[in-house]
Amino acid sequence: MADEALVIIDLQNDFCPGGALAVAGGDEIVPLVNDLIRRTEHVVLTQDWHPAGHSSFASSHPGKQPFETVEMPYGPQTLWPDHCIQGSLGSDFHSGLAWTKAELVIRKGFRPEIDSYSAFFENDHATPTGLAGYLQERGIDTLTLVGLATDYCVAFSALDAVKHGFHTTVRLDACRGIDLNGSVETMLNRMRDAGVTLA
């Protein structure tokens with residue numbers, strides 16, 4: 001299994017119940033994710049890591065509300081409640097997550113002017129995080145993705161993983177979605193069409 005990695009997406013306090021951008025049932029997946037960690041040699045984590053006043057926060061756009069959409073230089077951007085601010089309790093990994101085995105933590109969304117859903121690219125789809133090079137250099141070609149949220153950071157990471165040539169599986173039982181206007185079904189279809197294995 002040395003050529004396989006588990007990529008855990010944004011399993012942070014702000015995305016779990018009680019957090020600033022809570023995903024329903026987000027904490028329910030922790031025991032299953034921990035089981036996958038125990039059984040996987042290579043573990044990578046992503047961590048949403050926003051500076052205060054990030055451009056994707058509704059609070060940075062006077063008169064706008066969370067979950068409205070604005071046009072950014074890189075395209076449409078959903079506005080979010082302030083969340084996962086660098087160094088905050090909300091940005092920490094869920095306290096039940098056995099994350100210490102992780103070999104790499106990819107922080108994303110730290111550039112104030114651009115949001116980042118994917119573990120591989122910022123939302124301009126051009127600025128890389130370096131994850132693909134890291135995995136390729138280590139001879140890893142097969143990825144299993146879990147975490148939050150199914151229809152945003154997990155899905156965009158899976159789509160980019162396939163574009164990079166990785167054999168990619170999303171474990172839906174170890175993910176939870178936000179589901180804005182049917183976004184879960186939309187993204188499940190996009191992932192299927194792109195060749196992501198949904199398990």
Side-chain angles (χ1 to χ4, degrees), residues 7-12 14-15 19-24 26 44-86 90-91 105-135 143 145-166 168 170 172 175-196 198:
V7 183
I8 303 164
I9 306 289
D10 298 358
L11 197 37
Q12 294 164 260
D14 268 347
F15 295 126
L21 183 48
V23 179
V44 173
L45 295 169
T46 69
Q47 187 176 26
D48 222 24
W49 195 247
H50 295 303
H54 193 270
S55 61
S56 69
F57 295 166
S59 61
S60 299
H61 301 266
K64 294 291 185 185
Q65 296 300 313
F67 310 113
E68 289 185 27
T69 302
V70 296
E71 206 54 42
M72 297 290 230
Y74 51 86
Q77 171 68 50
T78 300
L79 296 178
W80 305 108
D82 293 24
H83 68 280
C84 294
I85 292 170
Q86 296 170 357
S91 70
V105 176
I106 290 280
R107 286 181 166 159
K108 56 195 187 60
F110 56 83
R111 293 176 176 87
E113 71 287 350
I114 185 167
D115 205 7
S116 183
Y117 297 156
S118 170
F120 293 93
F121 286 105
E122 305 282 355
N123 281 7
D124 61 1
H125 307 294
T127 305
T129 65
L131 178 57
Y134 174 87
L135 295 169
L143 304 179
L145 273 61
V146 298
L148 307 171
T150 313
D151 40 343
Y152 284 90
C153 296
V154 174
F156 283 98
S157 298
L159 292 170
D160 283 341
V162 168
K163 280 185 200 151
H164 277 296
F166 294 103
T168 306
V170 171
L172 294 174
C175 299
R176 292 292 183 274
I178 295 174
D179 209 15
L180 285 182
N181 306 314
S183 54
V184 168
E185 194 56 41
T186 298
M187 295 311 289
L188 290 179
N189 288 330
R190 278 187 63 183
M191 287 191 281
R192 269 190 212 99
D193 291 347
V196 176
L198 301 178

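Predicted model, so just to flag it, every value in this text is computed and none were measured. Computation of the quantities below employed the complete heavy-atom set of this structure, encompassing side-chain atoms and omitting hydrogens, waters and symmetry-equivalent molecules.
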*Using atom types as modelled and distance alone, determine if a side-chain donor or acceptor of Gln77 lies under 3.5 Å from a backbone N or O of Val70.*
no

_For a ring pair (Phe, Tyr, Trp, His ring centres under 6.0 Å) check, start with the C-alpha distance between Phe15 and His83, then their side-chain angles and the critical distance, and finish with the verdict._
CA-CA 8 Å; Phe15 295 126; His83 68 280; 5.5 Å; yes

*List in chain and number order the residues that pass side chain to side chain donor-acceptor pair (under 3.5 Å) with Ser118, two or more places apart in sequence or in another chain; answer none if no residue qualifies.*
Asp160

*List for me each residue that meets side chain to side chain donor-acceptor pair (under 3.5 Å) alongside Thr168, sequence neighbours excluded, and say none if there are none.*
none

*Nearest 0.5 Å please: distance from the NE2 atom of His61 over to the CG atom of Leu79.*
5.0 Å

*Do the side chains of Tyr74 and Asp115 get nearer than 4.5 Å, heavy atoms only?*
yes

*Who are the side-chain contact (heavy atoms from CB on, under 4.5 Å) partners of Pro81, not counting sequence neighbours?*
Leu21, Pro66, Phe67

*Nearest heavy-atom neighbours spanning Cys153 and Lys108*: SG-NZ, 3.4 Å

*Please report the closest heavy-atom contact between Leu143 and Ala161, naming both atoms and the distance.*
CD1-CB, 4.0 Å

*Write out all pairs satisfying side chain to side chain donor-acceptor pair (under 3.5 Å) with one or both partners inside residues 185-195, taking only residues at least two apart or from two chains.*
Asn189-Arg192

*Exam field: side chain Gln47 to backbone Arg107, donor-acceptor pair closer than 3.5 Å*: no

*For Asp48 and Asp10, work out which heavy atoms get closest and say how close.*
N-OD1, 3.6 Å

*Enter the distance from Phe156:CZ to Asn123:CG here, rounded to the nearest 0.5 Å.*
7.0 Å

_Pairwise salt bridge (Lys or Arg N to Asp or Glu O under 4.0 Å) hits with a residue in residues 68-80, at least two apart_ = Lys64-Glu68

*Kindly write out the residues that satisfy side-chain contact (heavy atoms from CB on, under 4.5 Å) with Ala119, not counting sequence neighbours, or none if the list is empty.*
Ile9, Thr46, Leu131, Ser157

_Partners passing salt bridge (charged side-chain N to carboxylate O under 4.0 Å, His left out) against Asp151 (at least two apart in sequence or in another chain)_ = none

*So which heavy atom on Ala155 is nearest to which on Met191, and how close?*
CA-SD, 3.7 Å

_Going by salt bridge (charged side-chain N to carboxylate O under 4.0 Å, His left out), name the residues that satisfy it together with Glu113, two or more places apart in sequence or in a different chain._
none

*Mind checking ring-ring contact (aromatic ring centres under 6.0 Å, His included) for Tyr152 and listing every partner two or more places apart, or none if nothing turns up?*
Trp80, Tyr117

*Which heavy-atom pair separates Ala194 from Val162 by the least distance, and what is that distance?*
O-CG1, 3.2 Å

*Is it true that a side-chain atom of Thr150 and a backbone atom of Arg176 form a donor plus acceptor pair closer than 3.5 Å?*
yes

*With sequence neighbours excluded, tell me which residues meet side-chain contact (heavy atoms from CB on, under 4.5 Å) with Pro112.*
Pro51

*Return yes if some donor-acceptor pair links the side-chain N/O of His50 with the main-chain N/O of Cys84 below 3.5 Å, else return no.*
no

*Ring centers of His54, Phe110 separated by less than 6.0 Å*: no

*asked:* Once side chain to side chain donor-acceptor pair (under 3.5 Å) is applied, do any residues pair with Asp14, and if so which ones, sequence neighbours excluded?
replied: none

*Indicate the atoms forming the closest heavy-atom contact of Leu148 with Gly26, along with that distance.*
CD2-CA, 3.9 Å

*Residue pair Phe121 / Leu159, side-chain heavy-atom distance below 4.5 Å*: no

_side chain to side chain donor-acceptor pair (under 3.5 Å) partners for Glu122, two or more places apart_ = Arg111, Ser116

